Amino acid sequence: MSSTPKNNFTTPEEDRLIEEAFKEVLDGYLSSNHRKKVEIIERAFAFAKEAHKGIRRRSGEPYILHPIAVAKIASQEIGLGSTSICAALLHDVVEDTEYTVEDIEQNFGKKIAQLVEGLTKISGGIFGDKASAQAENFRKLLLTMSEDIRVVLIKMADRLHNMRTLGSMAPNKQYKIAGETLYIYAPLAHRLGLFAIKTELENLSFKYEHPEAFKRISEKIAATESQRASIFEHFSAPIRRKLTDMGLEFTAKARVKSAYSIWNKMEKKHIPFDEVYDLYAARIIFECDDPAKEKSICWQIYSAITDIYRIHPDRTRDWISNPKANGYQALHLTVMGPDGNWVEVQIRSRRMDEIAEKGFAAHWKYKVGEGDEESELNVWLSTIKDILDNPEPNAIDFLDTLKLNLFASEIVVFTPKGELLTLPADSTVLDVAFNLHTRIGCQCIAGKVNHKLVPLSQKLNSGDQVEVLTSQSQQPKPEWMDFLATAKAKTHLRKALRKQQQPIVNAGRLIFEQFLRDNEIKDDNIAITKVMGLYKAASREDLYYMLGNQEIMLNEYVVKTLKKDSSKTKRILLKLIGMGKEPETSAKKQQEPAPEKPKINTKKTYVLRYGDNGETNFRFAGCCCPVPGDDVLGFIADDGEVEVHTLDCPRAALLKASYGPRILSTSWEVSGNRFLAHIRIEGIDRHGILHELISLISTHLALNIRALNIRAEKEIFYADLSLLVTDVGAVDDLCAKIRRIPGIQKVARI
């Protein structure tokens, strides 16, 4: 989080606040199971306080309050010990002050110095030209896990405090930081088993990215609380009576979905708030002093609940026999409630519940006697180390492959020998092959699932027995990438393909270098970046491969583009080369000077203007098709133009995480124009419903229909509607009116 020097003193009131904040850190540490090393923590605090003297945060408060807050989160919310508390207190000293890592080592020893150095490496610097600093940061962050997991955990505490104090930042910084957080830190917290932190990070990101939606959903959650409590009381009363009769000591409560989770479901399923039926899950937490008895008690409670309510046959999840990779244990079942809606019930012991919420912190609480923080961390880390086995060298690719594992729900499959493999959902036979060994993956020709012959691309289900069939003559193929689900398999396949393609790539590199020499063009990052853009190559290797394989040819138009950077010509080239045609440029257009692009101030809100004659100071992104009034962000593209994406566009998520400094906060200024919007309608087919629908749209609302596609399957009909609207409010109004037509089940903008 940015800091700014303001003065060289703090007021007596601020000194009191600083001392109180540090005392809270110490008190929390003293009440934990960790060894009591108070003296070194007090020295680290004094050192950090002196180092940050006179420095203030953007909010105006003394900077030292930030490392104190990070130390408190690391200690009390994540459960780390004295080494980590010291590193958290000192985490910004090397980056922001005159002190060096050597000074830290001299005063606090090698281990704390290594942690501070790891945190400093993550935070600053320029990391090469293949990807942005942010993407490279995340890669470095994850690579440090294999050296010392505490670097990542302290960084998580740092990010959580930055998110809690994000209100003092400029809007474009808020977008950037919230985007990074939602893209990588929240799923990483989930993978690390820090559920409470993951939920808070998601909600805070949501609050800053979609403030109106956050406020609206939060208000609806509050407004429906009493109704929810009444329904839950009615549902849980017979369960409570039965469990009490069984002599169990337990707590039964309703766990409400977070505002972010509800919004996410509304967006993905295209449903309004009222149709989110699984707004809460019932949770039964029982007391048990003996971990050996927990499993049998879970199944006794399961049996009692299924005696009362009808169970959903496909929604039982046993995370006790096979815990998730992040250590999560519980027994889940879904039953039909008395109000006719399905209710998920989660059964956990008190120990399981605290580990599910707090991860490592709870492991410490349940550890018998005092122990060494490092050995306990290593045991815990061993369950989540898979994602680091073969990191992807390109930082952007690394983010994408990493997210495959961070977000994935898991399945469990078995080898013919009965060995158990935990894989992400949607994994295929080929994923299993690469999981077993790279050579087996590269030579895989088919598989047997439950003794039945299946292709490489066969998706697997939990409980499947999988046998991999190989052939010495098999070679890895690029199209395999389309049906791999694990980061490990994608990484190994990329490596194998590169090895295969290396001679062609080398030939392409020589062609490119010779072309630059022949045309007296400087061989630098700018030249190759422009050519990659022209031919839409994802990386240098891809460009060289296309050249070496004679898929593309370098010509005079490329020379002109490299020697004269006209953004207009560049867009024409991009369009034509993207369609596989030879670029055509008239002599007149070649002589046009490149238009001057006004410098865009990224700190201020960028006003998106759309005039009556169609003139704009931006362009709509083709990936998400926003409409004026949508929550959008601006992105300064390579040609200097502002490209507009909806905030929940997957491409925008990657842009926020990877190109933060080029993100703009935006506001709309639109006068009278109409835009194309697409709506999907589902309903029960009946006589006259189509007439009512068209009459409402064209007559009552006077909207201009551009396309209408209707199909019926038995008693259900589906309609895809394209129409011109003035803004997103008109779309929402139309959807609300269509929902009132009898028989309409679902209406959503797509």
Side-chain angles (χ1 to χ4, degrees), residues 166 169-180 182-183 205-216 263 267 567-568 570-571 574-575 594-679 703-704 706 722-735 749-750:
L166 196 57
M169 302 296 286
N172 70 307
K173 286 268 188 181
Q174 289 177 353
Y175 276 144
K176 171 190 173 295
I177 293 168
E180 285 176 1
L182 202 53
Y183 188 76
S205 299
F206 177 39
K207 177 182 174 182
Y208 286 103
E209 289 203 328
H210 299 269
E212 291 300 318
F214 177 80
K215 184 183 175 190
R216 190 169 63 248
W263 175 80
E267 291 294 303
S567 59
K568 193 170 184 181
K570 186 174 178 182
R571 286 201 302 279
L574 274 168
K575 194 177 286 185
E596 283 289 320
K597 285 275 177 197
K599 182 127 175 93
I600 296 170
N601 186 342
T602 57
K603 290 187 170 64
K604 291 187 177 177
T605 298
Y606 186 78
V607 180
L608 302 169
R609 296 189 173 89
Y610 201 110
D612 290 329
N613 56 0
E615 288 182 359
T616 69
N617 61 344
F618 66 93
R619 64 171 177 248
F620 289 109
C623 44
C624 52
C625 302
V627 165
D630 277 337
D631 288 338
V632 296
L633 59 79
F635 172 68
I636 304 172
D638 291 340
D639 60 5
E641 281 200 19
V642 174
E643 189 175 83
V644 172
H645 294 259
T646 60
L647 285 181
D648 52 352
C649 166
R651 170 74 181 154
L654 185 59
L655 293 175
K656 283 182 287 186
S658 308
Y659 302 100
R662 289 158 67 177
I663 297 296
L664 301 169
S665 65
T666 58
S667 64
W668 289 102
E669 186 181 288
V670 182
S671 54
N673 268 284
R674 289 178 176 266
F675 306 86
L676 197 62
H678 306 280
I679 295 173
L703 294 172
N704 189 345
R706 305 315 299 258
S722 299
L723 67 167
L724 292 174
V725 296
T726 50
D727 58 37
V728 74
V731 182
D732 294 340
D733 182 52
L734 174 61
C735 289
R749 182 176 152 214
I750 54 172

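Everything quoted here is computed from the prediction, not taken from an experiment.
Counting all heavy atoms, side chain and backbone alike, Ala178 lies closest to Glu209 at CB-CG, 3.9 Å. Between Gln174 and Met169, the shortest heavy-atom distance links the atoms NE2-O, 3.1 Å. Across Gly634 and Val642, no two heavy atoms sit closer than the pair CA-CG1, 4.0 Å. Nearest approach of Ala637 to Arg662, heavy atoms of both residues: C-NH2, 3.6 Å. Residues Tyr606 and Asn617 share a closest heavy-atom pair of OH-O, 2.7 Å.
In terms of the side chain to side chain contact (heavy atoms under 4.5 Å, CB included) criterion, residue partners of Phe206 (sequence neighbours excluded) are, by chain and number, His210, Ala213, Phe214, Ile217, Ala259, Tyr260, Trp263. With sequence neighbours left out, the ring-ring contact (aromatic ring centres under 6.0 Å, His included) criterion links Phe618 to Phe620, Trp668.
At least one side-chain heavy atom of Ile663 sits less than 4.5 Å from a side-chain heavy atom of Phe635. When side chains are defined from C-beta on, Thr666 does not count as touching Val644, because their heavy atoms never get closer than 4.5 Å.
Note that CD of Glu643 is 10.0 Å distant from CG of Leu633, once rounded to the nearest 0.5 Å. Between Leu166 atom CG and Ile177 atom CD1 the span is 5.0 Å, to the nearest 0.5 Å.
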